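Proteins get letters first, then strands, A, B, ... in listed order; numbering begins at 1 in each. Nothing here was measured: the structure is a model prediction, and the numbers come from that model.
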There are 2 protein chains.
Amino acid sequence: MSTETSTPRATYRHGDLRGALVSAGLAMARAGGPDAVVLREATRQAGVTPNAAYRHFADRGALLRAVSDAAQALAADRMEAEVARATAAPMPVTSATAAPPAPATPPSVAAPALLPRSVVVSAQPPTPVTSPFADAHPEPEQAQRMLRAVGTGYLAFAREEPGLFRVAFSVPDHLAQSTSPAKAGAAGRTPFAILSAALDAYAAAGILPPDRRENAELYAWSAVHGLGMLVIDGPLRGLSDPMVDAATTRVLDMVERGL
Amino acid sequence: MSTETSTPRATYRHGDLRGALVSAGLAMARAGGPDAVVLREATRQAGVTPNAAYRHFADRGALLRAVSDAAQALAADRMEAEVARATAAPMPVTSATAAPPAPATPPSVAAPALLPRSVVVSAQPPTPVTSPFADAHPEPEQAQRMLRAVGTGYLAFAREEPGLFRVAFSVPDHLAQSTSPAKAGAAGRTPFAILSAALDAYAAAGILPPDRRENAELYAWSAVHGLGMLVIDGPLRGLSDPMVDAATTRVLDMVERGL
DNA sequence: GGTGCCATGTGTACAATGTCTACAATCACA
DNA sequence: TGTGATTGTAGACATTGTACACATGGCACC
């Protein structure tokens, strides 16, 4: 069952062993979550001795953390795609083919920040696109759609890639790392940064009272994350798809009303 | 480091090996979460050969599920304690010594149910205590305090026993099992049943519009569970205690406003 | 252009774990 | 009394993470 790379690697050096290990880990995580990412199997897939991994990762935990970062980047991509679709199509269609992750430049509206918002993450140079929220007072409807899209994308990722979701968001981490470039998607933003930007727009549109903006990330995130975890990994698994859809809508309603 | 039972067990039969294994598993879960529950170590602590466990559990997963049930029972106890305190003391004191888990008989108000509410879980015969909500229209303040106490207790359990919390609520399960007697605390109610009852009271008090009662468990649960997971096991770990306190309050506010 | 360093990969080894297949002791009941 | 079902035991095996010593070869420096 061991999928070793066909070519037994001519050179002594691998070239990009670290990357290969993370890729293999990602594949295993996709199939079975955190517990399924096993160091030896990763080295096997990379066509390398088990101990070679220790030149790039202190231990299995370090590999897992790297895989987690990569998974967060994928989550970011999924969220960006949902946001892009929501801001493009005025009417939120229930389910359709995913749009390509078009980057949407978030507004830089000042707000009480949990983290140094100034740390703008960008792996690739962010494509300068004229955002529909470039002005100081974006349309409330757009801001609302955007915030919902963030949640929808997050939960879509959870349901489409439960293994990756678990590895992305249930491996111990620190909030201070939430905007680390390693977790950023193709558009240069991490999931946290995407949520943060959506909340900024939400507040700037006047929907969210300014005194409630602070740390709103945590509360919105909690609600959506909880549903995700309960559905894929907890007592809510086995809920029918329509039921999860309904729950998603209701949780997002709750967040909007209650934030 | 192996804590084997001092007496090497005179009799060939253990007496209650299953119970002993679950106890040992609970201890390990307390210390390190699901991954720390190792079958061989449990048998060691029970003073028994590794394979003896297979007479009581199909595999490690089955043991883990039993431990998960036991952990949910402990969570229920913690929640009952918080509810009891909240319904006793009118002013919600921030932190004090926990009151003993006094059972509070929930109202049997009819409401659109996600589960057959008729399945009343009770391990011990439920002590007939005159609940403050025995009448059809409980005081809104009491109902509100009760609902908040459910959330507070849940999160208190998460923070005080992170290992048990993870094993209780992140081991795959089915909602249909949410009222299984195995998960019930000393007062005979499972965490889900406690939440359900609190929401019944909440709705009966007229705070929650009847058309929003249905499946409200899921939404409230999601918010609180998400915060718990993010704080103990995810990117929100490392948040200072006061910050978590504040977040707890805000998430409960959000649930109240948004449910 | 030769040479030595050091990052990177290899080999061997060990303790632990989950679990399989016999086998043994004991209880329960005819 | 004995016979069958329960419950533990004995031994074994594949797999995993990881430690320690050694090999390789690309690159910096003379």
Side-chain angles (χ1 to χ4, degrees), chain A residues 1-5 7-25 27-29 31-68 163 167 171-172, chain B residues 1-29 31-68 163 167 171-172:
Chain A
M1 200 64 72
S2 60
T3 328
E4 69 176 23
T5 333
T7 52
R9 189 170 94 264
T11 67
Y12 183 80
R13 304 298 171 91
H14 177 110
D16 181 23
L17 181 53
R18 196 199 137 92
L21 292 176
V22 170
S23 289
M28 297 186 289
D35 292 348
V37 30
V38 27
L39 187 142
R40 285 182 97 111
E41 174 62 22
T43 62
R44 234 170 276 142
Q45 286 184 26
V48 121
T49 283
N51 284 333
Y54 289 88
R55 297 296 170 194
H56 300 271
F57 301 100
D59 54 11
R60 176 180 175 274
L63 169 60
L64 191 56
R65 242 164 297 143
V67 173
S68 173
V167 95
V171 167
Chain B
M1 199 64 73
S2 61
T3 328
E4 71 175 23
T5 334
S6 49
T7 51
R9 189 170 96 263
T11 67
Y12 183 79
R13 304 296 172 91
H14 177 110
D16 181 24
L17 181 54
R18 196 199 138 91
L21 291 177
V22 171
S23 289
L26 217 41
M28 296 186 290
D35 292 347
V37 173
V38 27
L39 186 143
R40 286 181 97 110
E41 174 63 22
T43 62
R44 233 170 276 142
Q45 287 184 26
V48 121
T49 281
N51 284 333
Y54 289 88
R55 296 295 170 196
H56 300 271
F57 301 100
D59 54 11
R60 175 180 175 272
L63 169 60
L64 191 56
R65 242 165 295 143
V67 173
S68 173
V167 98
V171 167

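Separating the OH atom of Y54(A) from the C1' atom of dA7(C) is a distance of 18 Å, rounded to the nearest angstrom. Following rounding to the nearest Å, D59(A) (CG) and dA19(D) (P) show an atom-to-atom distance of 8 Å. Atom CG of L21(B) is separated from atom P of dG18(C) by 12 Å (rounded to the nearest Å). The nearest whole Å value for the distance from the CZ atom in R55(B) to the P atom in dA22(C) is 13 Å. Put simply, CG on D16(A) is 15 Å from C1' on dA7(C), counting in whole angstrom units. Here the P atom of nucleotide dT19(C) and the CG atom of L63(B) are 10 Å apart, to the nearest Å. Rounded to an integer number of Å, the gap from CG of L17(B) to C1' of dC27(C) is 16 Å. Distance F57(A) CZ to dT18(D) C1': 16 Å, rounded to the nearest Å.
Between R55(B) and L17(B) there is no side-chain heavy-atom pair separated by less than 4.5 Å. The shortest side-chain heavy-atom distance between V37(A) and R60(A) falls under the 4.5 Å cut-off.
In this model, the phosphate group of dG17(D) is approached by a side-chain N or O of R60(A) to a distance below 4.0 Å at OP1 or OP2. Using a 4.0 Å cut-off, no side-chain N or O of H56(A) falls inside it from OP1 or OP2 of dA7(C).
Exactly one of L21(A), T49(A), N51(A) qualifies for a side-chain contact (heavy atoms from CB on, under 4.5 Å) with T43(A). That residue is L21(A).
For the atom pair CG (D59(A)) and CZ (R65(A)), the distance works out to 6.5 Å, reported to the nearest 0.5 Å. Taking CG from L63(B) and CZ from R18(B), the interatomic distance works out to 8.5 Å, rounded to the nearest 0.5 Å.
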Atom pairs, N/O to N/O, protein against nucleotides 11-15 of chain D, distance under 3.5 Å?
unit_1: dG11(D); atom_1: O6; unit_2: N51(B); atom_2: ND2; d: 2.6

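Scanning both residues, A66(A) and F57(A), for their nearest heavy atoms gives CB-CE2, 3.7 Å.
Of the possible polar contacts, none joining the S68(A) side chain to the L64(A) backbone as a donor-acceptor pair under 3.5 Å is found.
Distances were taken from every side-chain heavy atom of A52(B) (C-beta onward) to each of dT9(D), dC22(D), dT18(D); the shortest belongs to dT9(D).
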